[in-house]
Amino acid sequence: MEQTHAAPQDIFAALRAEVLTCLRRLLPELPEEALTRVTVEPPRDAAHGDMSTNAAMVVAKIAKVAPPKLAAELSAALLELPMVAEAAPAGPGFVNLRLAESFLLGQLPVVLRAGEAYGDGASGAGVKINVEYVSANPTGPMHVGHCRGAVVGDALANLLGKAGYAVTKEYYINDAGAQVQALGYAAYWRYLEALGTTLTEEEYAEAVPGGLQYRGDYLVPVGAALKETFGDSLAPGAKPAEASLWLTTVREFTVAAMMESIREDLAALGVAQDVFISEAQLVKDGVADRAIAELSAKGLVYEGVLEPPKGKLPEDWEPRPQTLFASTKFGDDVDRPLRKSDGSNTYFANDIGNHADKIARGMQQLVQVWGADHGGYVKRMQAATRALSDGAVPLDVLLCQIVKVMKGGEPVRMSKRAGTYITLRDLIDEVGRDAVRFTMLTRKSDAQMDFDLDRVVEQSRENPVFYVQYAHARCRSVLRQAGEPAPAELAGEEAALATLQDAAELALLRRLIAWPRTVEAAAAAREPHRIAFYLGDLASDFHILWNRGREDATLRFIQAEAPEATRARLALVAATAIVIRSGLAVMGVAPVEEMR
RNA sequence: GUCUCCGUAGCUCAGCCGGAUAGAGCACCAGAUUCCUAAUCUGGGGGCCGUGGGUUCGAAUCCCGCCGGGGACACCA
């Protein structure tokens, strides 16, 4: 939490440590807690310098000193440091710092030597964190609704990894409920079709408990595969057999087929989770029941009757005793049922098992990425996790709002019935994996998003995907033209770096050195979209510099008659390319070498 | 009715676990444009940060109320 965990390359953290040292010296009586609110950050207005600290204002009250007076003393102390060129009190008690140019420029070799590892942090401190995302029901192909969660979860996991956590990427397969049962019946129908049954779909549907669902074509190949594997042994003479004779077999076969298809879709999106946990398996292994027994032993499970829900009352509501988890003891609004009326576990009960399993595997922090329609489920799951771990394992939930797909200014209707149902694969085929991933991260995950199919492939300033990729391509173009100097070689150009003097060059440099703190802050806030915004800003700084060269030829990167300036600029360009790649890697987007 | 997320420029959105004069892109206005990669560039106007209180040296940010919008509300997943 303190600077001990900050990224080694984060000079803001380094300066913060210096500020604290000065404060301790100036005010020996000051309690350590008073220092936690001290920040060192880039000032909003660049005219104020490279860094600014609120230290004097934050500490003033406890120290019983006037902020401006303390700011002046702190400024004087900080001025002693070799890396500080200017330090001055300002405003209500800020201390503004201008760093020595040599120190600032000296960060460039740090970037070049670290490569894409630049920005790797230590704030995660190796803590075992589990990020579960997608977890779509294995009842059909993935559609765009799943896509945002997949990208956000994957990028967040990458981000946490970069910040120093030990990350497990996980997928929980909901293969135990009534829906996969219905899937079994649906697949069986396709199997009967493959065998050449004389039944009509409607005749078959009448015999299916709860009606025939999942009528999409995607189960046709599964029916054929069932025939391939089992011949007509599950339906002799192409006539439906007793469900007990085939349902489990068909269901498991179909779930496996669906999961294979889902994994292919995820792979197409560049997502590959480390662990796939089966709900059915957890139930079978008794994990869910043991978790409930554990809660029960803590006195948190009881038989009771819930109040009827307020507002619109369900048609078939009746007071009924249920097995309940006392989630209200942990901040939930009502206690939650663990068993259905037929005695089997509720989804919630099994999910408690899922979370207990993660805790048992040694996870110290849990993250779930859910659709916003699961918002009402957050409190109860946090309650359960708190109860299971005695408060030791926090559960963070990211809710992803709906994505509206737009085409030609019109929303594309998402309806299975109308046949305008967009699968994830369709989306990737239409605009490409990288555009999908980048675009999904251009909004805060809890804000609604319009995904404009036309905009996303547009090659213009308005398209952030293009804009960032273009900046990287321009960097690479310059480096190719300069004969691909090795980063290590450029890192050795300490003396030449002093030729970097233009405001646009220094602005770009300042952006680059903000990368480590950007990673730390985004990881701490669990907000991967910040990486996309940072890269947009970085690309903008680079394009501005590039454009300066269009007006003023002496600002171009390669100067035939000035080899020293050229090497310094190449170092800056190479560092820019590195940081862009570093950021894109977090987002799971491949950098491009040239725009074609 | 309860819970939850949201409300920032005409539009789409940022705003870094409170900080100095609230930012970007688009749109609009005025200029530039035979450039290392063409897919533009420079400058400008434009906001009571939904609203009323509170906490504080200091609030778009934290707390409470209200207004307006999305979502969720026993035995689905």
Side-chain angles (χ1 to χ4, degrees), chain A residues 37 39 41-45 48 52-54 57-58 60-61 66-67 90-94 96 135-137 139 174 176-180 279 305-314 316-320 322-324 332-342 344 346-348 350-351 371-379 399 401-402 442-444 446-450 452 455 458-464 466-467 470 473-474 476-478 481-482 514 517-518 520-522 524-525 527 529-530 532-534 536-537 540 543-544 546-551 553 556-558 594-596:
Chain A
R37 289 178 55 215
T39 61
E41 47 190 21
R44 189 164 303 212
D45 187 344
H48 290 138
S52 171
T53 180
N54 62 355
M57 292 179 289
V58 165
K61 196 166 201 174
F94 288 99
N96 291 331
S135 298
N137 292 343
T139 53
N174 301 145
Q179 303 206 344
V180 286
E279 178 184 0
V305 181
L306 290 173
E307 292 287 307
K310 307 284 186 211
K312 57 168 186 183
L313 200 62
D316 57 347
W317 192 89
E318 52 176 296
R320 175 191 305 142
Q322 291 176 296
T323 305
L324 300 168
D332 199 2
D333 307 306
V334 291
D335 292 339
R336 306 291 179 176
L338 297 171
R339 312 261 189 229
K340 302 183 203 171
S341 44
D342 68 359
S344 65
T346 59
Y347 177 81
F348 177 51
N350 288 345
D351 211 5
D373 56 340
H374 286 60
Y377 193 73
V378 173
K379 283 186 182 179
L399 295 179
Q401 280 289 350
I402 201 158
T442 55
R443 269 317 88 106
K444 225 173 0 188
D446 55 12
Q448 289 191 22
M449 170 160 79
D450 286 353
D452 188 329
R455 171 62 51 80
E458 194 174 287
Q459 302 208 332
S460 78
R461 172 78 184 86
E462 297 163 56
N463 178 4
F466 168 79
Y467 197 63
Y470 192 23
R474 277 179 158 173
R476 292 293 305 130
S477 166
V478 171
Q481 192 156 329
R517 72 187 297 276
T518 301
E520 292 294 338
E527 291 185 345
H529 75 278
R530 290 192 197 183
F533 280 93
Y534 170 83
D537 290 341
S540 173
H543 287 306
I544 286 169
W546 179 287
N547 290 325
R548 292 289 310 273
R550 289 164 58 161
E551 296 156 19
R556 294 183 190 176
F557 301 116
I558 299 173
E594 52 187 346
M595 307 307 285
R596 274 291 148 98

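Basis for what follows: all heavy atoms, side chains included, without hydrogens, waters or symmetry-related copies. Source: prediction; values computed, not measured. Within every chain, numbering begins at 1; the chains are lettered A, B, ... in the order of the sequence lines, protein sequences first and strands thereafter.
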Student: So which nucleotide from B/A20, B/G15, B/U40 ends up closest to the side chain of A/Phe94?
Tutor: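 Closest nucleotide among those given: B/A20.
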
Student: Which pair of heavy atoms, one from A/Val180 and one from A/Thr139, lies closest together, and at what distance?
Tutor: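 Scanning both residues completely, I find the closest heavy atoms to be CG1-CG2, 4.4 Å.
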
Student: Tell me yes or no: between the side chains of A/Tyr470 and A/Arg474, is some donor less than 3.5 Å from an acceptor?
Tutor: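 Side chains of A/Tyr470 and A/Arg474: pair found under 3.5 Å.
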
Student: Measure the distance from CG on A/Asp342 to C1' on B/C76 and round it to the nearest whole Å.
Tutor: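 From A/Asp342 CG to B/C76 C1': 13 Å.
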
Student: Give me the distance, rounded to whole Å, that separates B/U4 from B/G10 when you measure between the P atoms they each carry.
Tutor: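 Here B/U4 and B/G10 have their P atoms 31 Å from each other.
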
Student: Applying side-chain contact (heavy atoms from CB on, under 4.5 Å), can you list everything that pairs with A/Phe533, at least two apart in sequence or on another chain?
Tutor: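 Counting only residues at least two positions away or on another chain, A/Phe533 forms a side-chain contact (heavy atoms from CB on, under 4.5 Å) with A/His529.
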
Student: Could you give the distance separating B/C62 and B/U8 at their P atoms, to the nearest angstrom?
Tutor: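 To the nearest whole Å, 15 Å.
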
Student: Picking from B/G71, B/A20, B/A39, which would you name as closest to the side chain of A/Gln459?
Tutor: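 Per side-chain heavy atoms of A/Gln459, the pick is B/A39.
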
Student: For residues A/Asn350 and A/Glu279, is any side-chain donor paired with an opposing acceptor at under 3.5 Å?
Tutor: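 Side-chain D/A pair, A/Asn350 to A/Glu279: present.
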
Student: If the threshold is 4.0 Å, N to carboxylate O, is there a salt bridge linking A/Lys444 and A/Glu527?
Tutor: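 Judged by the 4.0 Å cut-off on N to carboxylate O distance, A/Lys444 and A/Glu527 do not form a salt bridge.
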
Student: Provide the distance between the two C1' atoms, one in B/U55 and one in B/G65, to the nearest whole Å.
Tutor: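 Between the two C1' atoms, the distance is 15 Å.
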
Student: Taking only N/O atoms, report every protein-nucleotides 9-13 of chain B pair under 3.5 Å with atom names and distance.
Tutor:
residue, atom, partner, partner atom, Å
B/U12, O2', A/Arg443, NH1, 3.0

Student: Please enumerate all protein N or O atoms sitting under 3.5 Å from an N or O of nucleotides 29-37 of chain B, with distances to 0.1 Å.
Tutor:
residue, atom, partner, partner atom, Å
B/C35, O2, A/Arg550, NE, 2.9
B/C35, O2, A/Arg550, NH2, 2.8
B/C36, O3', A/Gln481, OE1, 3.4
B/C36, N4, A/Trp546, O, 3.4
B/U37, OP1, A/Ser477, OG, 2.9
B/U37, OP1, A/Gln481, OE1, 3.4
B/U37, O2', A/Tyr470, OH, 3.4
B/U37, O4, A/Ala473, O, 3.2
B/U37, O4, A/Arg480, NH2, 3.4

Student: Using modelled atom types and a 3.5 Å cut-off, is there a donor and acceptor pairing between side-chain atoms of A/Thr346 and backbone atoms of A/Pro337?
Tutor: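 Answer holds: yes.
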
Student: Over all strands shown, is A/Ala178 touching base, sugar-phosphate only, or nothing at heavy-atom distances under 4.0 angstrom?
Tutor: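 Sugar-phosphate, no base atom in range.
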
Student: Measure from CG on A/Leu399 to C1' on B/G70 and round the result to the nearest Å.
Tutor: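 So the CG-C1' distance, A/Leu399 to B/G70, works out to 13 Å.
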
Student: Start with the C-alpha distance between A/Arg455 and A/Glu458, add both sets of side-chain angles, then the distance that settles salt bridge (charged side-chain N to carboxylate O under 4.0 Å, His left out), and finish with yes or no.
Tutor: CA-CA 5 Å; A/Arg455 171 62 51 80; A/Glu458 194 174 287; 3.7 Å; yes

Student: Would you say the side-chain atoms of A/Asn174 pair up with the backbone N or O of A/Asn137, donor to acceptor, closer than 3.5 Å?
Tutor: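 Looks like no, no N/O pair under 3.5 Å.
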
Student: Separation of A/Asn350 atom CG from B/C76 atom P, in whole Å?
Tutor: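 Distance check: A/Asn350 CG to B/C76 P gives 12 Å.
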
Student: I'd like the C1' distance from B/A9 over to B/A24, given in whole Å.
Tutor: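 These two C1' atoms come out 11 Å apart once rounded.
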
Student: Over all strands shown, is A/Asn463 touching base, sugar-phosphate only, or nothing at heavy-atom distances under 4.0 angstrom?
Tutor: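 Counting heavy atoms under 4.0 Å across all strands, no contact is made by A/Asn463.
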
Student: Consider the side chain of A/Lys379, meaning its heavy atoms from C-beta on, and name the nucleotide among B/G15, B/C3, B/A77 that approaches it most closely.
Tutor: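 Given the options B/G15, B/C3, B/A77, the side chain of A/Lys379 is closest to B/C3.
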
Student: Considering only side-chain heavy atoms of A/Met57, which listed nucleotide, B/C6, B/C57, B/A20, is closest?
Tutor: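 From the listed options, B/C57 comes nearest.
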
Student: Measure the distance from CG on A/Leu306 to P on B/C75 and round it to the nearest whole Å.
Tutor: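 Interatomic distance, CG of A/Leu306 to P of B/C75: 9 Å.
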
Student: Set out, line by line, the N/O atom pairs under 3.5 Å between protein and nucleotides 25-28 of chain B.
Tutor:
none

Student: Applying side-chain hydrogen bond (donor to acceptor under 3.5 Å, both in side chains), name anything that partners A/Ser52, two or more places apart in sequence or on another chain.
Tutor: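 Scan of A/Ser52 (side-chain hydrogen bond (donor to acceptor under 3.5 Å, both in side chains), adjacent residues dropped) gives A/Asn96.
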
Student: Kindly indicate whether the side chain of A/Thr346 and the base of B/A74 share any N or O donor-acceptor pair separated by less than 3.5 Å?
Tutor: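 A donor-acceptor contact between them is absent.
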
Student: Name the nucleic acid region contacted by A/Asn174, choosing base, sugar-phosphate or nothing; use a 4.0 angstrom heavy-atom cut-off, strictly under.
Tutor: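 Here A/Asn174 touches the backbone only, sparing every base.
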
Student: If we take the C1' atom in both B/C28 and B/U12, what is their distance in whole Å?
Tutor: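 Taking atom C1' in both B/C28 and B/U12, they lie 16 Å apart.
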
Student: Taking the side chain of A/Arg530 as its heavy atoms from C-beta onward, which of B/A74, B/G15, B/G70 lies nearest to it?
Tutor: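 Given the options B/A74, B/G15, B/G70, the side chain of A/Arg530 is closest to B/G15.
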
Student: Rounded to whole angstroms, how far apart are CD on A/Gln322 and C1' on B/C76?
Tutor: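 From A/Gln322 CD to B/C76 C1': 14 Å.
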
Student: Say we look at B/G68 and B/A77: how far apart would their C1' atoms be, to the nearest angstrom?
Tutor: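 Rounded to whole Å, the distance is 32 Å.
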
Student: Please determine if a side-chain N or O atom of A/His529 lies less than 4.0 Å away from the OP1 or OP2 oxygen of B/G15.
Tutor: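 So the side-chain polar atoms of A/His529 do come within 4.0 Å of the phosphate oxygens OP1 or OP2 of B/G15, strictly under.
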
Student: Touch check for A/Ala521, heavy atoms < 4.0 angstrom, all strands: base, sugar-phosphate only, or nothing?
Tutor: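 Sugar-phosphate, no base atom in range.
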
Student: Between C1' on B/A77 and CZ on A/Arg336, what's the gap in Å once rounded to a whole number?
Tutor: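 In whole Å, B/A77 C1' and A/Arg336 CZ are 15 Å from each other.
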
Student: Which of these nucleotides, B/U40, B/G19, B/C75, is closest to any side-chain atom of A/Ser341?
Tutor: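 Per side-chain heavy atoms of A/Ser341, the pick is B/C75.
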
Student: Counting heavy atoms from C-beta on, name the nucleotide in B/A20, B/G15, B/A77 closest to the side chain of A/Ser52.
Tutor: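 Closest of the options to the side chain of A/Ser52: B/A20.
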
Student: Is a donor on one side and an acceptor on the other found under 3.5 Å between the side chain of A/Arg556 and the backbone of A/Gly549?
Tutor: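 It does hold such a pair.
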
Student: Is any side-chain N or O of A/Arg320 closer than 4.0 Å to OP1 or OP2 of B/C75?
Tutor: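 So the side-chain polar atoms of A/Arg320 never come under 4.0 Å of the phosphate oxygens OP1 or OP2 of B/C75.
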
Student: B/C41 P sits how many Å from A/Ile544 CD1, rounded?
Tutor: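 One finds 9 Å between P of B/C41 and CD1 of A/Ile544, rounded.
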
Student: For B/A59 versus B/A20, give the span between their C1' atoms, rounded off to a whole number of Å.
Tutor: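 It comes out at 14 Å once rounded to the nearest Å.
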
Student: What stems, by residue range, does RNA chain B take part in, given at least 3 consecutive Watson-Crick or G-U pairs under 3.5 Å?
Tutor: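 Stems (3+ consecutive pairs) listed as B:1-7 with B:67-73, B:10-13 with B:23-26, B:28-32 with B:40-44, B:50-54 with B:62-66.
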
Student: Establish, from distance only, whether the side-chain atoms of A/Asp446 and A/Gln401 form a donor-acceptor pair under 3.5 Å.
Tutor: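 Checked: A/Asp446/A/Gln401 side chains show no N/O donor-acceptor pair below 3.5 Å.
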
Student: Reckon A/Phe348 touches a base, only the sugar-phosphate, or nothing at all at heavy-atom distances under 4.0 Å?
Tutor: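 Answer is nothing: A/Phe348 stays at 4.0 Å or more from every strand.
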
Student: Between B/C57 and B/G1, how far apart are the two P atoms, rounded to whole Å?
Tutor: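 Straight-line distance between the two P atoms is 38 Å.
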
Student: Select base, sugar-phosphate, or nothing to describe what A/Val58 touches, counting heavy atoms under 4.0 Å on all strands.
Tutor: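 Base, at least one base atom sits under 4.0 Å.
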
Student: Any idea which heavy atoms bring A/Gly376 and A/Arg336 closest together, and the distance?
Tutor: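 Smallest interatomic distance, heavy atoms only, reads O-NH2, 4.4 Å.
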
Student: Measuring from atom CE of A/Met595 to atom OG of A/Ser477, what distance do you get when rounded to the nearest 0.5 angstrom?
Tutor: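 If we round to the nearest 0.5 Å, A/Met595:CE and A/Ser477:OG are 12.0 Å apart.
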
Student: If you look at every heavy atom in A/Tyr377 and A/Phe348, which pair is closest and at what distance?
Tutor: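 So the two residues come closest at OH-CA, 3.2 Å.
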
Student: Do you know which two heavy atoms are closest between A/Leu399 and A/Ala372, and how far apart they sit?
Tutor: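 Shortest heavy-atom contact: CB-CA, 4.3 Å.
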
